[in-house]
Student: 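One structure, pasted below without further comment.
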Amino acid sequence: MSKYNTLYYLLILLLITGAFASMAQNSYGIKIMGGVAAAFGLLFLIQALQSFYKDKKNPIEILELFSLGLLSLIICLRVFYIHFLYAEFVYALAGASLIGVYLYKMNTSFPQILKQNSYLAGMVVLFYGSISLFILSMTITPFIPWLAEPAGVIAFTLIIIFTVVSLVKKEVLYNGEKVHALRLATQAEHRTVVVLSLFVLFSLYIGLNKVDLIPAIYSDEFPKAYFDLVNSAETGNETPVDGMYQHERFKEEYDRFIEKHANTFRY
Amino acid sequence: MFDQQPICPYTGLRSFTEEESLYFKGRDQQVDQITSLLEKNKFLMLTGASGEGKSSLIYAGLVPNARAGFFKAKYSNWVIADFRPERTPVKNMAAAIADKFEIPQDTAETELRRGYSSLIDLYTSSKYYNDQNSDEWQNATDEQKSEMNRSSANLLIIADQFEEFFTNPENFYNEAPSQDSQIIVNILLETAKIALKKNIPVYIVCTMRSDYIGQCSAFRGLPDYIGFSQFFVPRLKRKDLKQVIEEPAILSGNRISHRLVERLVYDLSEGVDQLPILQHALNQIWRAAGNGRDEMDLLHYAMVGGMPANELPDEDQKIFLNWYKQQPEHQRGYYKDTGLHRVIEIHADLLFENAWEKYAAEYPDKMISRGQAARIISTAFTCLTKIDNSRAVRNRMSLEEITEIIHSPGITPEIAGNLLNIFREEGNSFIRPYKTEDPETHTLSPDTVLDITHESLIRNWTRLNEWANREYEFYSTYQDFKKQLDRWKTSGKSSNFLLPIGPLSYFENWYTECRPNASWIRRYSEITGNKETELENAELQLTDIRQFLKWSARKVAIPRAFMKYGPKRIATGFAITVMAILTLFYWIDAEQKQNHRVIDNILTRSATLLQSNEVNNNIKANYLLINERFEPGSLQSNLSQFNDRAGLTLSIELYKQLLMYNKYDKSDLKNDLIGQIDERFSDLLQQNSNLSFLLNELNKFTTMLAYDHYYNPDKDNETILRNYADSGHELAMKFYRDPSLFRSTIPLELNYTIQQWLTFGTASAEKSEELLQLISPFENSDAQTAFQVYYPRGSFEINGRISNNFNGGYHTLASLYASTGNVGKVIESFERIRDSGQDDYFIGSLFNNYNHILGIFYQFGHRSSAAPMIAWLGENYESNVPLTIYRNAVIRAGYMAPMYRINIDRNIFRAFGGYFFPNLTLADRELFEALNNDYENLIRSIQDPDERNYLLAVNKKRHAMFDHKYAFDRGIDPDLNKLNTYLDEALSHFRNVDEAYLNETVSITIPYYGEGVRNRQYQRRELFIYPDYMDGWFSQTYHSDLFFNYIDRNNLFEEFYRTPEELDMIHFWLARAYEKKPLMQNLKFENEYPLSNQVHSRILTLMESHPYGHSFDLNLLSLIMANNDFDKGDTESAMIHYNRFDKQNYQVSRDRYEYIETTFFMNQMKDLAVNLALNGYHDEAVEIAEMFEREHEKTYAYTFMAENIFINSQDPTTFVYLDSALTKASRINFSQFDYGVNTQIDVRHNLVLLLSRIGGRELNRISNDIIREVIEPTKFRGLASRVYGVSEEGNFYNALTAMPPTLTESQELFLQAIMLWQASIAKETEPERNRWAPMDNYFTHDFNYVFYLPN
């Protein structure tokens, strides 16, 4: 899968550019971010298909890629403030699958590494634990919002500990090779590292935004109230009425209004 | 007793030694042949293919044969000196000779270099040579001869690996032999030649790989000798091979199965290295067979990888499988491809794979990584091989040299040696020297020269072969590169000789992969014999290499980037760069657009605007107070930026503005401001300059202090007020003393100052006299002159609607004279006024007139002195009877007169101007009481009982109402018992009035809309039963519910309200109570006494039970009650009131009073529509909205409905109402509002505000379209709406960009103040917000009010 690495990191960079463009109040910033999410989604799904049609199928890999693809596409829809019924459940399902995949991976590699190096085994737990908690935080937001933030904070703390410890401890011998925990993680699990990078970026954004070091992502595509309503629906603070969320009605009325009055005062 | 270590009869890759000749089998015939040849020729060149056993043939065949006496030579003893040429043939040969001849090596070397016959000379002069023709022999005793015979020995010189003369560059370079090589070869040839010629028992044997035979022609004479005596070692025949395999085993007491022998012979394919492969395989089989304990068989052959397991007998297969399963997983892979030729490879690979584990187990304290181990081994073997004429051959090298070439941090010769030990161990004899039982051999010293045991290892170990080939490629490339490098250096490092892209990339790859270091370069450099010099040269060359590559790369950096990385990678790199730059740019941009950055910019910009004289003080004051709200404590520092005068003016404006926000302000901020003003004033007053300015500011300050003191009674403020009133007096004295200070506006200010002094200061008759001496024309000529200057005839002071001649000077004189009790001079002053034709002063509705003079008489204790003035007034103006004079004075004296606002906000009224003098309104309460008592005494003297009782009733009621209002305004608990007593008395008097008298109508002047007055005809009864006080335009029409509650409490409804018209007095009172003015300034002077819900309900109950209640227009009450209940959240009750609202006949209710009340009514309707919409009653809300007649009215309604729904719940119906609003708005002809006060009803401003509040790109675009259509004079209001809305939405950068660059400085500061205001709100806590709620109300009131003016 390393052939996708360049693309992954280009997309991450593009995502950062898009985020900053959006923070700088450029309307195309949010579109770039949505495009990146879509691209990630497609990449993951293509890989899932490739993996599916391989002679030697790896169900865990297929599940991981499919879940990642699904998550990315839903995030893409979110970026464009498109929300559909049961989106949270699909999102949660994909998130739960991913957590399962990463816990499985941790469970597989931990005992094996523990035999040779307890430090590295601990780092593996930190790495996978962090990503699992990140996904958990993201997944439970609509259902148990009060738990989502602590989970995200713990996940972020774990990954920081992982990074700091691996940088301080430097290389250790494993399998006769001098390896760096960070490098072991990045080489062994490119995809996971990409996902983790995205989460870390997201957490950094949230954190830095909270302490006012960077501005919030901005879009004037729709009124701010619309974004608030979408957020309310996404975080599970709203129950749909007649199958429709408030923000859907809002957009419907808004679009109708714009269509009718775009030129009312343009003489 | 002894654990005897079994000896392996198979040597593996190494050749047989002399001691192992027992096991050297299959070459008997060849041994005889070479012995014979050597006997005959004294020289033998033994050639043969590599691995054919040349060395073994000599050491284990020829030598033992000779020693055994099968070699016919002169002596029976043999001295055998053997050497390998390696890189130093002279030294090596000298070492071998020195050892045998027991002479120092240097001596031997010197001898060898002396001449080609030196070896013969050395021999013949040694103890080994016994010349029986010599004198020594002839003279020797028998014993000596016997001894000489015993020591005599034949000399056999063995030059093993003769091909090293060609394979080492030190010996053979550029197809030419080195000098040392030539010396040795010539010595050997000359020695053989002399030995043969003189029959000296010296024999020369050389072993050489046959493929080097062609190169021997480089040595003169050598080919001749080869032709003369050469033996080519033949390949072994089948039976010989069987001997080689079988006999050593038999001889050593081991067993080998016949089938294995057959299989081995069968497997031994044609080609090179038959014997090394076989020997190695046998060695390994012997070890696999438990070091020969078991019979060597096919099973062991399979275990060493010689044959596939499936070809084993069944039983052996099972054993093999069990054994196989025990092998590590990575090791099992080697058994997939088996064969005799694979045995070496498998063995070597396994050693390579296991080297790290073995090392790690033995040396845990000197741990290295697996990768490092692999590199050490590969580099070591690479060093021990070289490619010569496309052949991989051995190359000896010391451990230290190898370590230097490895050149890896932390890797020492000790580590490298320990790691390589595995290849030297018994059974793994791949590298020499071998590790034996001798402990000294267990550790390699740095100077130990290592050597690969046999070249067959190179040929049969693929991995080593690859290493060797790769190294050769590195070397070849280096040679190529070196040529380029030399050219470049020769050219003086000219850029023209730098490498082009292709070669550069090629050589860069070489550099990256080869990682050459000084030691590596030295290996392939010219040999000087001095290692330090060689290393220094190598270092220099390495520096040149790096420089050459770097400079070359620099020259072709751009084109090669394209060629090297290709379009995809270039594009990727470019994309990354662009994105990185863009990200940085966006970050900076985003930072600049952050709200706090924008606000910082605003604060900076505002600091400049605040200093501008173009910006009016009211805007500055508003901005500064908002700034104080945003940054508490900022006001002080902001004010310190202004000079004394500007700072004073602005401080007073700030004080005023604080009170405009909230007239009940009791904040520290206000007190601080007062303190600051006081301080600044003190400084400026001491300077005694700019008196005009000081007078103006003092009047403003005193006005506000009086206003403040009225609403917030405070001893300290009272003192300050008194002091400033006195300061005004002092200023007035200065002006009057010095008429040159006159300015046209000064007289008006002086008049006001004197009035304030008389009202609030420590005025006395004496001080008034003093003033009069300066200004009164009645006193002296100087004063007359001064009066002429300040108050000349024909100069006018605005006094309400009318102007006073003499600049109002005679009113001022009358006031001063009244304070002295000098009624005569008062009258004289009145006469001057009268004579100037100003009758309005006496009979008109001027702000300031004779009533004020009456008040001053009372205030200064000259109550009785006022009588002549009253009389004079009656005599000169018929209508001015005492009763009227007193009544008017009392009406003006009860509480803070609404007209006082003109002193604060000088331009608030269109109809009125000038100052409203405060003495009646704000003098001590005793004045009111005294005037009221005298007025009552006058009433009591009226003969007509109806008139007397009626006036007493009205006055008592007024007394109660005014006292109540005075108490309410000042936050004092009213004495309700006293007030009720007044009302009881009033009722009592009222009941004594005849019905007919009460039913007579009288003309009443009542106020409307702030500055307007209307004359209305009311019955006297109606005036009394009005649930408030209503008499004259000064007294207003709404004060409280005191009298209404009195009526209710005393069950007077039926008695008072007997007809529909009388019930309407309640309606009128209700309308007045809820009359809300559109402009914020107006509200600051309103009563603000709230009606409770109980009062509303009581009115409703009353109407339901009253016989004429059905005639009562309940629409207004229903609107009020519905809206109140909606506000409280009681929707059910609200809907009851809504349902009572008569929608069919609402126009009657709307038009019941004049348009101001209509405006109020329609605002209530608007509020109802909003409340209905907010509570989900959309049909009802729309119905109400549609009841408005004009499109702009409907637009207002829909706009407010949309706005409130959006603010309240962000409900999508916002857009439904907004759609209606815009649809209606699109039908409005806005030009009808483009003049005067009508511009205020331009609903587009509200639309802009709402659209901006909602935000979003499209809505902002629409709001821009709307603003574009607004005419220029009111466009700014649209912009303010835009900035307000966008700021509230939360994006200050957008708000900032909404401000066009064409704004005036005042406008700019105003809009910035709006942004700062919203920024304050956004960051405030609830208590902070509440603290500043009056400011919010002040700013939002006009935005929430709808103007409905007739069109």
Side-chain angles (χ1 to χ4, degrees), chain A residues 6-7 9-10 13-27 29 171 173-179 212-229 232 244 246-267, chain B residues 356-357 360 367-373 568-569 572 575-576 578-580 582-596 1206 1209-1216 1218-1219 1222-1223 1225-1226 1244 1247 1254-1266 1268-1269 1289-1291 1293-1294:
Chain A
T6 309
L7 212 47
Y9 289 103
L10 267 178
L13 197 57
L14 191 59
L15 182 73
I16 296 170
T17 307
F20 276 100
S22 178
M23 288 174 203
Q25 306 190 12
N26 298 293
S27 57
E171 292 179 323
L173 274 171
Y174 172 68
N175 258 350
E177 297 295 334
K178 278 191 173 174
V179 290
D212 218 17
L213 275 178
I214 55 169
I217 286 172
Y218 177 84
S219 170
D220 66 350
E221 181 81 25
F222 295 104
K224 185 170 167 282
Y226 172 69
F227 301 142
D228 293 341
L229 289 173
S232 173
M244 278 185 95
Q246 182 90 327
H247 70 85
E248 290 171 311
R249 288 202 186 85
F250 189 99
K251 187 169 182 301
E252 209 172 271
E253 295 293 348
Y254 172 80
D255 288 342
R256 193 176 297 146
F257 175 81
I258 295 297
E259 192 181 355
K260 186 172 175 186
H261 291 292
N263 297 311
T264 297
F265 286 92
R266 185 160 282 188
Y267 303 109
Chain B
W356 179 80
E357 275 88 356
M367 190 55 82
I368 55 172
S369 73
R370 188 185 286 274
Q372 283 176 314
K568 275 187 187 173
R569 294 175 75 179
T572 304
I576 289 170
V578 168
M579 282 192 279
L582 276 176
T583 301
L584 188 66
F585 166 77
Y586 286 137
W587 192 347
I588 295 167
D589 196 27
E591 279 295 310
Q592 294 303 312
K593 290 174 179 173
Q594 279 212 73
N595 280 351
H596 68 86
F1206 178 75
S1209 63
Q1210 301 180 335
D1211 194 276
T1213 47
T1214 298
F1215 293 105
V1216 178
L1218 195 55
D1219 170 29
L1222 258 72
T1223 305
S1226 66
R1244 288 177 295 187
L1247 276 174
I1254 300 173
R1257 196 184 313 145
E1258 287 301 316
L1259 295 186
N1260 281 334
R1261 197 184 52 71
I1262 294 171
S1263 84
N1264 280 342
D1265 291 344
I1266 294 174
R1268 201 175 299 122
E1269 291 306 313
E1289 192 260 352
N1291 192 316
Y1293 175 73
N1294 274 352

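Protein chains get the first letters and strands the later ones, always in sequence-line order, with residue 1 at the start of each.
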Student: Assess, by modelled atom type and distance only, whether the side chains of Thr17(A) and Thr583(B) contain a donor and an acceptor separated by less than 3.5 Å.
Tutor: yes
Student: Which heavy atom in Ala24(A) sits nearest to a heavy atom in Tyr586(B), and how many Å separate them?
Tutor: CB-O, 3.5 Å
Student: Can you tell which part of Phe585(B) gets under 4.5 Å to a heavy atom of chain A, answering side chain, backbone, both or neither?
Tutor: neither
Student: Please determine whether side-chain contact (heavy atoms from CB on, under 4.5 Å) holds for the pair Phe265(A) and Leu1222(B), giving the CA-CA distance in whole Å, both sets of side-chain angles, and the decisive distance to 0.1 Å.
Tutor: CA-CA 9 Å; Phe265(A) 286 92; Leu1222(B) 258 72; 3.7 Å; yes
Student: Using non-hydrogen atoms only, which part of Ser22(A) is less than 4.5 Å away from chain B: side chain, backbone, both, or neither?
Tutor: neither
Student: Ignoring hydrogens, what is the shortest heavy-atom contact between Gln246(A) and Ser1209(B)? Give both atom names and the distance.
Tutor: NE2-O, 4.2 Å
Student: Taking Ala590(B), Ala360(B), Gly1256(B), Ala373(B) one by one, which has the highest count of heavy-atom pairs under 4.5 Å against chain A?
Tutor: Ala590(B)
Student: For a 4.5 angstrom cut-off between non-hydrogen side-chain atoms, does Asn1260(B) reach Asp220(A)?
Tutor: no
Student: For Arg1257(B) versus Glu221(A), what's the shortest heavy-atom pair and its separation?
Tutor: NH2-OE1, 3.0 Å
Student: Determine the minimum heavy-atom distance between Ala262(A) and Asp1265(B), stating which atoms define it.
Tutor: O-OD2, 4.0 Å
Student: With chain A, which of Lys593(B), His596(B), Gln594(B), Arg1244(B) has the greatest number of heavy-atom pairs at distances under 4.5 Å?
Tutor: Gln594(B)
Student: Between Thr264(A) and Ile1262(B), is any pair of side-chain heavy atoms under 4.5 Å apart?
Tutor: no
Student: Working to the nearest 0.5 angstrom, can you tell me the gap between Asp589(B) CG and Phe20(A) CZ?
Tutor: 12.0 Å
Student: Non-hydrogen atoms of chain B under 4.5 Å away: do they reach the side chain of Leu7(A), the backbone, both or neither?
Tutor: neither
Student: Tell me, do Glu252(A) and Pro1212(B) make a side-chain contact under 4.5 Å, heavy atoms counted?
Tutor: no
Student: Look up atom CG in Asn263(A) and atom CZ in Arg1261(B), then write down how far apart they are to the nearest 0.5 Å.
Tutor: 6.0 Å
Student: Parallel, tilted or perpendicular for Phe257(A) and Phe1215(B), by the 30°/60° rule?
Tutor: tilted
Student: Could you measure the distance from the CG atom of Leu582(B) to the CG atom of Asn26(A)? Nearest 0.5 Å is fine.
Tutor: 10.0 Å
Student: Heavy-atom distance under 4.5 Å between the side chains of His261(A) and Thr1223(B), does that happen here?
Tutor: yes
Student: Quick one: pull up CD1 in Ile576(B) and CG in Leu10(A) and give me the separation to the nearest 0.5 Å.
Tutor: 5.0 Å
Student: So Thr1213(B) and Glu253(A), do their side chains get closer than 4.5 Å, heavy atoms only?
Tutor: no
Student: Can you tell if the side chain of Leu1259(B) reaches within under 4.5 Å of the side chain of Ile258(A), non-hydrogen atoms only?
Tutor: yes
Student: Counting heavy-atom pairs under 4.5 Å to chain B, which of Met23(A), Arg256(A), Lys260(A) comes out on top?
Tutor: Lys260(A)
Student: Is Tyr218(A) close to Asn1294(B) at the side-chain level, that is, under 4.5 Å between some pair of heavy atoms?
Tutor: yes
Student: May I ask you to test the Asn1291(B)-Lys224(A) pair for a side-chain heavy-atom distance under 4.5 Å?
Tutor: no
